[in-house]
**Student:** 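Okay, handing you the structure first.
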There are 2 protein chains.
Amino acid sequence: MSPDKTLADKAYRKLRAEILDGHLGAGQKLKLEALAKDCAVGMSPLREALARLQGDHLVVSEGQRGFWVAPLPLDEIDDVSRVRAMLETEALSASIAKGGSAWERRVKEAFERLSQFEEGMPSPGTERPAALLNAWEERNHAFHAALVSGSGSPCLTRLCEQLYQQSERYRRVSRMVSGGRRNVHEEHVAIFRAALERQTLKACRLVEDHILRTAEQIRLAMSLNELPDA
Amino acid sequence: MSPDKTLADKAYRKLRAEILDGHLGAGQKLKLEALAKDCAVGMSPLREALARLQGDHLVVSEGQRGFWVAPLPLDEIDDVSRVRAMLETEALSASIAKGGSAWERRVKEAFERLSQFEEGMPSPGTERPAALLNAWEERNHAFHAALVSGSGSPCLTRLCEQLYQQSERYRRVSRMVSGGRRNVHEEHVAIFRAALERQTLKACRLVEDHILRTAEQIRLAMSLNELPDA
DNA sequence: GATAGTCAAAATATCGAAAATTTCAACGCC
DNA sequence: GGCGTTGAAATTTTCGATATTTTGACTATC
């Protein structure tokens, strides 16, 4: 019952995960033959998967010269984060205004799942296994998605999703989810409360700070680690 | 010297044009064999082209059941247009604030090209050949792109481009570019002047009105013509 | 010594046929 | 009469081989 109906789906998911994990570094040349072997598929499904990843801006291709993992320019973190903050605050305020009980329930459930997880996590600074980070990432994603899910604007929701994904790539490449002194959990709690109390301005401000603060940490981590950016 | 480096590019462009033109109607099932023949390519390039169109939200696919032209829900015109208005006004105000002489030159050139064309066009209400509409569309697109090209935010620029494309699809499906009593040319002139005079608020308001008014006309045209929406 | 041209090796792009899946209508059963 | 089953036709998906293009080094020439 896997969600991979076709081999192209399988390859798509696998490659996508590898890129987001940073297993396939930014800017890296993708050797088709090797990838086909790794994914255990032929050329056609692989090529289809790559074409779809191109649509997600995770892969770039050039003429007849092959495919590369999309670069991750250091100087675009702030750009992406600012635009993302704008879209998410817009969507959040619309959700607070229009969101009904179904929205509230989604937010509560997503928050609960994230909250329980964060409280059981090792304190910041400790080493964390990759599996834990993936599980946290999934819940964090769900929480953000739930918050903006009541806007009544499918278009806006799609864009939020798209930008979340781009930010996530930066975060994961910098191998950091919440490092530093920040208590991300507390920020989530504050956002959750403000949203359900329908305090639009406060909630939006909190979300914006949340996003921009994360961006700042990522930029710091990347500039320190001199990670590949092209 | 065509920009089609590969057959997949060729199929991509052709299909894209056919979908935007409305030649391939919204929701329509795509028969791979027939398309391959039309595009004069094999299955592999065709499949790659479809995967890329999926990334552009112009095509949808399901499991192992094939491909369809993406639906064009009537009730999403307003949604798309509102989000687009938000993004374009944001990008325009940033461009006015930060745009240098290069931005001004791009705006002027694009406006000139569009303006000359619009002044030579048959008056509203007249029948127009498709080739004329395509030429107008290209210039209109360039003008809007130039306006937002000085924001200094590649991310925002990409999103504007993306939403412009989606709006364009609605416009062309409704077989109308500027019908009715509106004088779109005058609106363009007003936007151009306000932008170059650095009147941020005025320019943004004009752009917003421009986009929303177009949306209203499209919705009207579509609801009258009972065009396919799924 | 540097530059242009040539050629082989490597990688990508494409095709056409075979395999797997879905669809749909006819049939029998409850 | 309605409903699940069966089987053939249509369609999608995949593979392996072939054709095309790029790369990079080697040679000859200026």
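Every heavy atom of this structure was used, including side-chain atoms; hydrogens, water molecules and symmetry mates were not. A, B, ... follow the sequence lines: proteins, then strands. Residue 1 opens every chain.
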**Student:** So if I take residues 59-66 of chain A and measure heavy-atom distances to DNA chain D, which residues fall below 4.0 Å?
**Tutor:**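 Nucleic-acid contacts, sorted: A/Q64, A/R65.
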**Student:** Between A/E118 and A/W136, does any side-chain donor sit less than 3.5 Å from a side-chain acceptor?
**Tutor:**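 Checked: A/E118/A/W136 side chains pair up, N/O donor to acceptor below 3.5 Å.
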**Student:** So does B/E18 pair up with B/K14, basic N to acidic O under 4.0 Å?
**Tutor:**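 Salt bridge between B/E18 and B/K14, a charged N being under 4.0 Å from a carboxylate O: yes.
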**Student:** Okay, side chain of A/W68, backbone of A/A26: is any donor-acceptor separation there less than 3.5 Å?
**Tutor:**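 Not at all, since once roles are kept as given, no pair shorter than 3.5 Å links the two residues.
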**Student:** Show me the donor-acceptor pairs, under 3.5 Å and distance only, between side chains in residues 57-64 of chain B and residues at least two apart or in other chains.
**Tutor:**
from  : atom 1 : to    : atom 2 : distance (Å)
B/S61 : OG     : B/Q54 : NE2    : 3.1
B/E62 : OE1    : B/R65 : NH1    : 3.4
B/E62 : OE2    : B/R65 : NH1    : 2.8

**Student:** Atom NZ of B/K29 to atom C1' of D/dT11: distance rounded to whole Å?
**Tutor:**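 About 7 Å, once rounded to whole Å.
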**Student:** For A/D56, give me all partners under salt bridge (charged side-chain N to carboxylate O under 4.0 Å, His left out), at least two apart in sequence or on another chain.
**Tutor:**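 Applying salt bridge (charged side-chain N to carboxylate O under 4.0 Å, His left out) to A/D56 gives A/R16.
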**Student:** Check the distance between C/dT14's P and B/K10's NZ and give it to me in whole angstrom.
**Tutor:**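 Roughly 10 Å, once rounded to whole Å.
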**Student:** For residues 30-49 of chain B, which residues have at least one heavy atom under 4.0 Å from DNA chain C?
**Tutor:**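 Here the set is B/V41, B/G42, B/S44, B/P45.
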**Student:** Would you say the ring centroid of B/H188 lies under 6.0 angstrom from that of B/F111?
**Tutor:**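 Centroid separation for B/H188 and B/F111: 6.0 Å or greater.
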**Student:** Name all residues meeting the side-chain hydrogen bond (donor to acceptor under 3.5 Å, both in side chains) criterion together with B/E161; count only those two or more places apart in sequence or in a different chain, and write none if there are none.
**Tutor:**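 Residues passing side-chain hydrogen bond (donor to acceptor under 3.5 Å, both in side chains) with B/E161: B/H141.
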**Student:** With sequence neighbours excluded, tell me which residues meet salt bridge (charged side-chain N to carboxylate O under 4.0 Å, His left out) with A/E104.
**Tutor:**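 Salt bridge (charged side-chain N to carboxylate O under 4.0 Å, His left out) list for A/E104, sorted by chain: A/R198.
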